[in-house]
Structures are given as structure tokens and as C-alpha cells.
Amino acid sequence: LQDLKGQKHQKAPQIPSQFSPGERFAMKEALKGAIQIPTVSFSPENLNTTALAQFGEYLQTVFPTIFKTSFIQHEVIGEYSHLLTVRGSDPSLQPYMLMAHSDVVPAPEEGWEVPPFSGLERDGFIHGRGTVDNKNSLMAILQALELLLNRNYIPRRSFFIALGHDEEVSGYNGAQKISALLQARGVKLAFIVDEGNFILDGFIPYLKKPFAMIGLSEKGLINLRLEVNMSPGHSSAPPKETTIGILAAAVSRLEQTPMPNMFGSGPLKMTLQQLAHEFPFPANIILSNLWLFGPLVSRYMERNYITNALVRTTVALTMFNAGVKVNVLPSVAQAVVNFRIDSAQTVQEVLDLVKNIVADDRVQFHVLTAVDPLPISPSDSQALGYQLLRQTIQSIFPEVSTVVPGICIGNTDSRHYANLTAGLYRFNPLYMTPQSFRSIHGINEKISVQAYETQVKFLFEFIQNADADQEPAPHQHEL
Ligand SMILES: CCCCCCCC/C=C\CCCCCCCC(=O)N[C@@H](CC(N)=O)C(=O)O
Ligand SMILES: [Zn+2]
Ligand SMILES: [Zn+2]
């Protein structure tokens, strides 16, 4: 990172992150409008393309300055994804990239307090699918840039804004194509910031204070289809076992047999060590001495289903299909199992374990998706992306005293850009509680107007901070 190694740069003048009442009203209305467009991804083959096209047009109407600025190039990739290239004034600075996605997972209306595509504001919250995952980020990035441009901002450091349209179902037509295009253009990035981790509040018992966790890596992924085939027949004289029974037993064995606890490897150790001083006695001593107390901590992490996901490959049965009629023995039964692979394992190792656990030759396996865990991005004092995130978190959230590296348990589009940079960071400048965590892909997803404004503010400062000289990173304990 050449600009961190002693080159003399002028500090960019900071445009204060203060917005007028009119701007604040317009920004929340813009987010509501984005939520109202049902850009749902059902499967890689089934996206709401009408809504995606409408969403692209919508962006141009709410952010007019971005799309008419001479130093910003706009390209549509894979029909519905968007790539903005914001040319900075100093070509010696390596560019970076901000990412978000426009598609959302389906949202059947049952259980929602307000219709999921209404974008209704109630009690200070904007409700709807995509308010946290991930139209908030997409709109906040563009909103911050629009506001900066309206204040005559010209960046020193070039940056890209990559907005995928199929993140929820693979990213193959969006992020992967943008990545290939940039690679063909010879682009190398200083770092990338994508969705993923948050400011976590209430996830760890005894830890009263919220802390920011920046995702240095993400778990791997396997979507595995299990299938059992037999001759169909009359249900009045069934064989001892049916396709459904065999398959149900196989997936049940998978669910009941946890993958090995891999505690002690990967970014989790860094998370706990850097968080240790936030805990009361004796947890602070225990976490500072994982060489001794590792086994104790590892068992403790298993007790809660979210922290359990940090110590092992998880197994989730997500689809099950068989049967066409009440009195016909089905010839085929299929299930899909979604694995999130621990940093210390590979796709192949998990598949080998799965075959041993199922241990039934009548069950066939078809790998639908397979991604190894992502490399661990740097978080040292020279890691520009990490330090910029840290600096901006400290400025926007002064009450958050600890910023720690961690792992993202979900998958993100950033994985498609590993060819362009070693610095992939997953962080949303938002508070996340266990309750709001359940709303992601669940029901009653919502964001407070204040939290959204803060996200815009964060990006408004982050973009400017990326232009400025970097101070040496202070030691974590001095914060
Ligand atoms: C000691 C620290 C405790 C930490 C607790 C961890 C709390 C986890 C909080 C948030 C994780 C939320 C994960 C968001 C992932 C979002 C991305 C997403 O939904 N991706 C999809 C689609 C895809 N690209 O595969 C997914 O299925 O993962
Ligand atoms: Zn997402
Ligand atoms: Zn998602």
C-alpha cells in the first residue's frame, strides 16, 4: 500500500457530515422507494427482472448528480448490475471498491407487522425486505456520494461502486461478471468493503458493551442435494423402506451429528483475544489465555446457536421434496443441505465427512454449489481498508470502544473479487442485536431512520477518509 509507506500527501479537507432537514427527508424517502420495488431473487434462474430493471431506473431518478458527473462512469453489467467508476484526481493512489446488492430474498406476507414491500415508516423505523440486507447499504453508498458531489467534492483516490443484482442466489451474473471485467482491464484494488458484519450488541452474555466486528474472512459453502431413487408402486403394500424414509433418516443423521469443533484456528481467536479486555473478571483472564483455556471457551461457544456457527461447519436442512399423490410410493425423494464451512476445513473434507455420516449407498450426492472458506484479509497497522474502517467507526460511533477482526458466517458477493485484492472487508455500520439478526431473511426486517442516516454519514466520512493521509493506527487498548 504505497500511500502508507511514507509518501507525502496533503490531507483532504473534510466536508462536515451534516445534512439539512430537506436532505434528511429526501434520504429516507429515497430508501422507502427502493424498498417498494420487489427485486426478489428466488433462484439463479428466477429473478424478478422487471423489478430489477425498474430499480436501475429508480437509482438514476433519485441520484441525478451521480449519473451526470463527468468523472463518474456508469456501466450496466449482466443486464441488471451496476458498476460506477469514480475517477479520483490522484492516479498514484490505488483505487478501492464499495459494494452492495439490490436483490432481496422472498418475503411472504405472513407474520409481518407491515407488508414487506411497503417501505412504511412507523415509530421511527422504515419497514420492509431489504432494509438491512442490503438496500440500506446500496442506497447509503449512493446517497453519500450524491451529497458529496452536491458539495463539489472531487475524490483524490479513485473508487468503484459495484452493485450486484443476484447476490442472494450466487452472484454469478452480477459480481462475478464485474470482477471479470475489472480483471480484464488490469484493475487491482487496495481493498473492498461489502456487507457482512456489524456493530454487535447482546450476542455474548457478560459483554454489556457493543463492539464492532469487521469480517476478515467468510465461511465456505456447500449446497448439497441428496437423492434417493426407487421403483414407484402402490401404497397399499409398501416395502420396508421408502425413498422418503431412507432420505429422512440420512438427513436426520446429518443434523444430529455435529461437524468437529475447530476452535483455535481462524479469525475467531483474534476476535476473542482483542475483545478480552472488555469482559469482566475472570472472563478477561480466560480469553487472554486461550492457550490454557481454549477447550473451556470452545465448549462455551457451542452452547448458543450463533456462537456455535463460529466454531464449526454448520449443517442446515433447507429443502425437502417427495411425493405426488397420497397413495403412490414416490420414486424419488430429494433434499438440499446447506453447509457453511469453518475456516479450518475445505469443501472436500466436509464432503468426506458427510459421506461417512450418511453411510448409505442408496443416497446419491449432487454438489450444487461449493466454495472453500475465503482467505483472511490483513488487519495490521498497514492494512488500509481495515484501518479506514476502524477510523471511521471511531468517529461516527464514539461510544463503540472496541473494533475487532472477525469472520462472517454468511456469504457475500465480495468473495468474487478475491482475484483483485487481498483486502476483502465485510462490515455494515449498523447496530445488530440477536433479535434484529433473526429479521435478516426472516420477518419484520426494519431499520430506524436514525440508523440509516448514520449509515449515510459513515459513508460520507469514509469516502473522504480514503483520500487523506493515514495516521499510524493506535494500539487497540489505548482507545
Ligand atoms: C464473538 C462474536 C459473536 C459474533 C456473533 C455473530 C453474529 C453474526 C451477525 C451477523 C451475521 C450476518 C450474516 C450476514 C450475511 C449476509 C449475506 C447473505 O445473506 N448472503 C447469503 C447469500 C450468499 N451470498 O450466499 C447467504 O446465504 O449467506
Ligand atoms: Zn446481503
Ligand atoms: Zn441476504
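Source: prediction; values computed, not measured. For ligands, and for the atoms within them, numbers begin at 1 and follow the listed sequence.
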Next item on the list: Give a yes/no on ligand 1: does Val169 have at least one heavy atom closer than 4.0 angstrom to it?
Entry: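 Contact absent.
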Check: With a 4.0 Å cut-off on heavy atoms, does His441 reach ligand 1?
Finding: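 It does; at least one heavy atom falls under 4.0 Å.
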Margin query: Give me the nearest non-hydrogen protein atom to atom 11 (C) of ligand 1 as residue plus atom name, then the distance to 0.1 Å.
Written below: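 Of every protein heavy atom, Phe437 CE1, 3.6 Å lies nearest to atom 11 (C) of ligand 1.
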Next item on the list: Decide if atom CG of Asp123 counts as having more than 12 heavy atoms of other residues, nucleotides or ligands within a radius under 6.0 Å.
Entry: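 Check fails, neighbour count at 12 or below.
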Which bit of [X] is near ligand 1, meaning a heavy atom under 4.0 Å away: side chain, backbone, both or neither?
X      : result
Asn134 : neither
Ile440 : neither
Lys219 : neither
Asn197 : neither
Leu275 : neither
Met432 : neither

Notebook entry, point to check: Vertex the Zn ion (ligand 3): angle to OD2 of Asp133 and OE2 of Glu168, to 10°?
Noted result: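 Taking the Zn ion (ligand 3) as the apex, the two atoms subtend 100°.
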Next item on the list: Could you tell me whether Lys32 and Glu29 have a side-chain N and a carboxylate O separated by less than 4.0 Å?
Entry: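 Judged by the 4.0 Å cut-off on N to carboxylate O distance, Lys32 and Glu29 do form a salt bridge.
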Notebook entry, point to check: Taking atom CZ of Phe203 and atom CZ of Phe211, what is their separation to the nearest 0.5 Å?
Noted result: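 Between Phe203 CZ and Phe211 CZ, I get 8.5 Å after rounding to 0.5 Å.
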Item checked: Any donor-acceptor N or O pair under 3.5 Å, side chains His165, Ser81 ->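 A pair is found: one side chain offers a donor N or O, the other an acceptor, under 3.5 Å apart.
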Next item on the list: Indicate whether any N or O donor in one side chain lies under 3.5 Å from an N or O acceptor in the other, for Gln345 and Thr313.
Entry: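 The answer is yes; a qualifying pair exists.
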Check: Should you measure from each heavy atom of Gly410, which atoms of ligand 1 turn up under 4.0 Å away?
Finding: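 It comes down to these atoms of ligand 1: 15 (C), 28 (O).
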Item checked: Proximal atoms of ligand 1 relative to Gly196 (non-hydrogen, under 4.0 Å) ->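 Per the distance check, 11 (C), 12 (C), 13 (C), 14 (C).
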For ligand 1, which is the ligand I care about here, please tell me if [X] has any N or O atom under 3.5 Å from one of the ligand's N or O atoms.
X      : result
Asn411 : yes
Glu167 : yes
Thr271 : no

Note to self: Can you tell me if, anywhere in Glu195, an N/O/S atom lies at a distance from the Zn ion (ligand 3) that is smaller than 2.8 Å?
What the structure shows: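 No - counting backbone and side chain alike, Glu195 has no N, O or S atom under 2.8 Å.
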Note to self: Would you say the Zn ion (ligand 3) has His101 as a near neighbour, meaning an N/O/S atom of that residue under 2.8 Å away?
What the structure shows: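 For His101, the answer is no, given that no N, O or S atom comes within less than 2.8 Å of the Zn ion (ligand 3).
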Checklist line | Among Asp133, Thr412, Thr39, the one residue meeting side chain to side chain contact (heavy atoms under 4.5 Å, CB included) with His101 | finding: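 That would be Asp133.
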Note to self: Main chain of Val347, side chain of Asp372: is a donor-acceptor contact present, judged purely on distance under 3.5 Å?
What the structure shows: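 It does hold such a pair.
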Checklist line | Asn304 side chain vs Thr307 backbone, donor-acceptor pair below 3.5 Å | finding: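 Yes, the answer is positive, given that a donor and an acceptor are paired below the 3.5 Å cut-off.
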Item checked: From the candidates Arg340, Glu168, His101, the one that places a heavy atom nearest atom 27 (O) of ligand 1 ->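 Selected option, by shortest heavy-atom distance: Arg340.
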Check: Name of the His441 N, O or S atom nearest the Zn ion (ligand 3)?
Finding: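 Atom name returned: NE2.
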Item checked: Whether Phe159 and Tyr96 hold their rings parallel, tilted or perpendicular, with breakpoints at 30° and 60° ->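 The arrangement is parallel - the two ring planes meet at less than 30°.
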Notebook entry, point to check: Parallel, tilted or perpendicular: which fits the ring planes of Phe55 and Tyr58, with parallel below 30° and perpendicular above 60°?
Noted result: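 Phe55 and Tyr58: tilted rings.
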Item checked: Pairwise side-chain contact, Ile35 with Arg129, heavy-atom cut-off 4.5 Å (strictly under) ->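 Answer no - side chains too far apart.
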